[in-house]
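Encoded as structure tokens, the structure appears first; notes follow it.
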Number of protein chains: 2
Amino acid sequence: MTQVRPMRADARRNYERLLKAAAEAFAEHGENASLDDIAKRAGVGPGTLYRHFPNRRALLEAAYLDRIEAIAARAGELADSLPPGEALRAWLYELCVGSLQVRGLKALLGSAVADGSPGAGTACAACVRGAAARLVEAARRDGALRPDVEPVDLLRLAHGVATAAELADEAGGRIRRYLTLLMEGLEPAAAPSD
Amino acid sequence: MTQVRPMRADARRNYERLLKAAAEAFAEHGENASLDDIAKRAGVGPGTLYRHFPNRRALLEAAYLDRIEAIAARAGELADSLPPGEALRAWLYELCVGSLQVRGLKALLGSAVADGSPGAGTACAACVRGAAARLVEAARRDGALRPDVEPVDLLRLAHGVATAAELADEAGGRIRRYLTLLMEGLEPAAAPSD
DNA sequence: ACCTGAACACCGTTCAAGT
DNA sequence: ACCTGAACACCGTTCAAGT
């Protein structure tokens with residue numbers, strides 16, 4: 001219904017400059033990069049930034065939407081080339097790696113699965129949630145995942161794993177380790193006791 | 001060796017006022033509570049705050065040291081009244097609950113197990129790490145924990161679980177759930193396949 | 001319709017002046 | 001030895017004035 005009237009040429013140009021500047025700034029300084037600085041990099045007044053993006057989250061999401069979509073697309077690729085359980089595991093691994101590799105992305109993904117957050121109902125959230133749901137369903141059907149685990153729980157736990165790994169010096173290596181512990185459990189393998 | 005000369009009376013009084021004001025402010029506004037506000041609450045100039053606490057972390061730690069000690073003490077109590085595996089599990093649960101219940105505490109505990117952080121070498125860090133180490137060792141000896149899991153990994157994962165649970169509306173209930181998934185693993189119980 | 005940039009409130013941090 | 005509070009730099013956000 002809402003015909004999205006095309007933006008005026010200068011508005012469109014500023015919008016794109018802001019996106020580019022934001023991606024740079026977030027990559028350099030993380031999610032808390034200065035909005036003032038972003039506006040300056042884009043060669044616009046701070047008011048223009050607010051006109052296009054009402055808050056930091058909106059800007060962060062717009063700047064990283066392509067990456068989110070790429071992550072979601074990977075889910076399909078992995079599902080096509082691996083058994084369901086392994087596909088899920090591999091995807092969660094890539095999700096965590098991306099979260100830490102691309103500064104600011106972890107915060108965005110977190111807010112996409114946070115119940116109260118304004119980020120919960122966005123395109124970005126729908127994108128990751130959808131990808132997770134498909135992998136989870138396949139893994140469940142294949143008996144490779146506890147049947148009582150919901151996609152959103154998995155995404156939250158992945159966010160937790162990334163957060164935990166980030167605390168270590170060799171964060172990259174820790175992701176694999178912590179993810180394995182999460183998948184297999186901390187208790188020793190099935191010791192059939194009394 | 002370094003004889004800690006007693007503080008001048010007014011210094012001591014200001015120090016304590018700051019601690020009290022900080023505890024209040026952190027509880028109200030979380031770890032990012034305004035330092036200016038804390039100084040004002042304590043009836044002190046901002047310079048005085050910096051004289052006693054060189055940075056936010058130092059203040060946060062000093063304000064919550066008693067709580068950290070209480071958490072560590074709980075480890076001993078639980079170890080005395082439960083089998084090692086259950087004691088460990090119960091303690092991790094209480095750790096997560098405390099992390100979310102006391103605003104700002106999760107951040108402090110996180111920095112205590114973060115490799116690079118200035119918080120890694122503090123009394124607070126030694127306190128939780130020590131408690132975790134004792135529980136881990138007992139649980140390992142009892143065969144209730146994978147032998148290749150280090151205390152610091154467990155503390156980081158608990159931090160991750162608290163972070164994940166915090167994303168849900170009913171955070172309290174999610175802690176138990178996520179911790180169980182971590183302990184038992186996401187894969188279905190020991191399906192003896194081919 | 002959109003942009004600009006001044007303006008305001010707020011915050012962290014430092015330091016010269018005081019006692 | 002310790003405290004005070006002014007001062008500075010920086011940031012988020014708003015809004016009146018422009019085109």
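A note on names: the letters A, B, ... follow the listed sequences, proteins ahead of strands, and every chain is numbered from 1. Excluded from the calculations below are hydrogen atoms, water molecules and symmetry mates; all remaining heavy atoms, backbone and side chain alike, are included.
Taking atom OH of residue Tyr50(B) and atom P of nucleotide dG5(D), one finds them 17 Å apart after rounding to whole Å. Counting to the nearest Å, the P atom of dA17(C) and the CZ atom of Arg51(B) are 17 Å from each other. Rounded to an integer number of Å, the gap from CG of Asp37(A) to C1' of dT13(D) is 17 Å. The distance from atom CZ of Arg12(B) to atom C1' of dA1(D) is 16 Å, rounded to the nearest whole Å. Counting to the nearest Å, the C1' atom of dA6(D) and the NZ atom of Lys40(B) are 13 Å from each other. The CZ atom of Phe53(B) sits 15 Å away from the P atom of dG12(C) (whole-angstrom rounding). The CG atom of Leu49(B) sits 17 Å away from the P atom of dA6(D) (whole-angstrom rounding). Atoms CG (Leu59(B)) and C1' (dT13(C)) sit 15 Å apart, rounded to a whole Å.
Base pairing of dA1(D) is made with dT19(C), judged by Watson-Crick or G-U wobble geometry with both donor-acceptor distances under 3.5 Å. Searching all strands for a Watson-Crick or G-U wobble partner of dT14(C) with both distances below 3.5 Å returns dA6(D).
Taking the ring axis of Tyr93(B) as reference, the NZ or CZ atom of Arg176(B) stays within 45° of it and closer than 6.0 Å to the ring centre.
Note on ring orientation: taking the six-membered ring where Trp is involved, the planes of Tyr15(B) and His52(B) are perpendicular (angle over 60°, cut-offs 30° and 60°).
Looking at heavy-atom distances under 4.0 Å, Asn14(A) makes contact with sugar-phosphate atoms alone, never a base.
The nearest heavy atom of DNA chain D to Pro46(B) and to Thr48(A) marks one nucleotide each, and the one closer to the 5' end goes with Pro46(B).
Using a 4.0 Å cut-off between a side-chain N of Lys or Arg and a carboxylate O of Asp or Glu, Arg89(B) and Glu94(B) do not qualify as a salt bridge. Taking 4.0 Å as the cut-off between side-chain N and carboxylate O, Asp115(B) and Arg174(A) do not count as a salt-bridged pair.
Look at Ser34(B) and you'll find a side-chain N or O under 4.0 angstrom from OP1 or OP2 of dG12(C). Taking side-chain N and O atoms only, Arg8(A) has no distance below 4.0 Å to OP1 or OP2 of dA1(C). Under 4.0 angstrom from either OP1 or OP2 of dC2(D) there lies no side-chain N or O belonging to His52(B).
Considering only the side chain of Ala11(A), dC2(C) comes nearest among dC2(C), dC3(D), dT13(C). When distances are taken from the side chain of Leu35(B) to each of dC2(D), dA6(D), dG12(C), the shortest belongs to dG12(C).
For the pair Arg74(A)/Leu95(A), no side-chain contact is recorded, criterion being any heavy-atom separation below 4.5 Å from C-beta on.
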